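Small disclaimer: the values here were computed from a predicted structure and weren't measured.
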Amino acid sequence: MRFLLQLFLVFILIHCQSNEKNDFNAKISGKWIFADEYFITTYSTDGTEEPPSPPRENFGFNFFSKDSCESNYQYFKKKDSTKLKGKIGVSHDNIKNVGRKTIYRIDKDSLKVFDRGLNKWQAFRIMKLDNNNFIINENDAIIKKFVRVLKK
């Protein structure tokens with residue numbers, strides 16, 4: 001009897017976790033635009049304050065169903081790195097625009113967006129996600145807030 005009770009509790013726990021993931025997937029669908037960002041003060045090992053990340057173009061997302069999304073900035077990739085040897089800078093002929101569409105996945109409280117230019121996953125911790133607000137933490141250094149775009 002005790003075994004059945006433990007099995008039932010494990011089933012309930014797994015079911016609740018899968019509902020939370022499905023809840024994030026349901027809530028994240030739609031278009032989100034950048035609203036605000038906050039920089040978290042970080043310190044080096046010797047105790048000095050490290051400067052914040054350099055400013056960059058803020059972006060938004062358009063999340064679709066089936067784990068695909070569109071970023072509001074373009075992904076770029078170098079076409080051939082052998083052409084760069086001995087040259088200073090990067091020629092525009094050597095850069096390929098690979099578009100704005102990419103894939104994403106949600107693991108527990110983490111949002112992972114695939115950077116097609118760098119061929120790696122970029123991870124964010126979801127701090128808040130409701131019908132109108134989406135707040136993420138990027139590398140424990142920047143908190144970004146997005147708001148949902150509502151259709152008229």
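Note that the CG atom of Asn137 and the NZ atom of Lys144 stand 11.0 Å from one another [nearest 0.5 Å]. Separating the CZ atom in Arg105 from the NZ atom in Lys112 is a distance of 5.0 Å, to the nearest 0.5 Å.
Put simply, the side chain of Tyr104 does not reach to within 4.5 Å of the side chain of Thr102, judged on heavy atoms. With a 4.5 Å cut-off on side-chain heavy atoms, Ile136 and Glu138 do not count as touching.
Residue pairs meeting the salt bridge (charged side-chain N to carboxylate O under 4.0 Å, His left out) criterion with at least one member in residues 125-137, sequence neighbours excluded: Lys128-Asp130.
Closest approach of Trp32 to Asn133, counting heavy atoms only: CZ3-C, 3.6 Å. The two residues Lys101 and Arg116 come nearest to each other via the heavy atoms O-NH1, 2.7 Å. Nearest heavy-atom pair across Phe63 and Cys69 is CD2-CB, 3.6 Å. Between Asp109 and Phe24, the shortest heavy-atom distance links the atoms CA-CE1, 4.1 Å.
With hydrophobic clusters built from ILVMFWY side chains whose heavy atoms lie under 4.5 angstrom apart, Val113 shares a cluster with Leu129. Residue Ile33 is not grouped with residue Phe61 when hydrophobic side chains (ILVMFWY) are merged at heavy-atom distances under 4.5 angstrom, including chains of intermediate members. Linking Ile, Leu, Val, Met, Phe, Trp and Tyr residues whenever their side-chain heavy atoms come within less than 4.5 Å places Ile126 and Phe124 in a single cluster.
In the hydrophobic clustering, where aliphatic and aromatic side chains (Ile, Leu, Val, Met, Phe, Trp, Tyr) are joined below 4.5 Å either directly or transitively, Ile103 groups with Phe114, Trp121. Alongside Ile40, the hydrophobic cluster contains Tyr38, Met127, Ile135, Ile143 (criterion: ILVMFWY side chains under 4.5 Å).
Between the Arg148 side chain and the Ser29 main chain, a donor and an acceptor come within less than 3.5 Å of each other.
Within a 6.0 Å sphere centred on CG of Asp140, heavy atoms belonging to other residues, nucleotides or ligands number 12 at most.
Using cut-offs of 30° and 60° on the angle between ring planes, the pair Phe146 and Phe34 is perpendicular.
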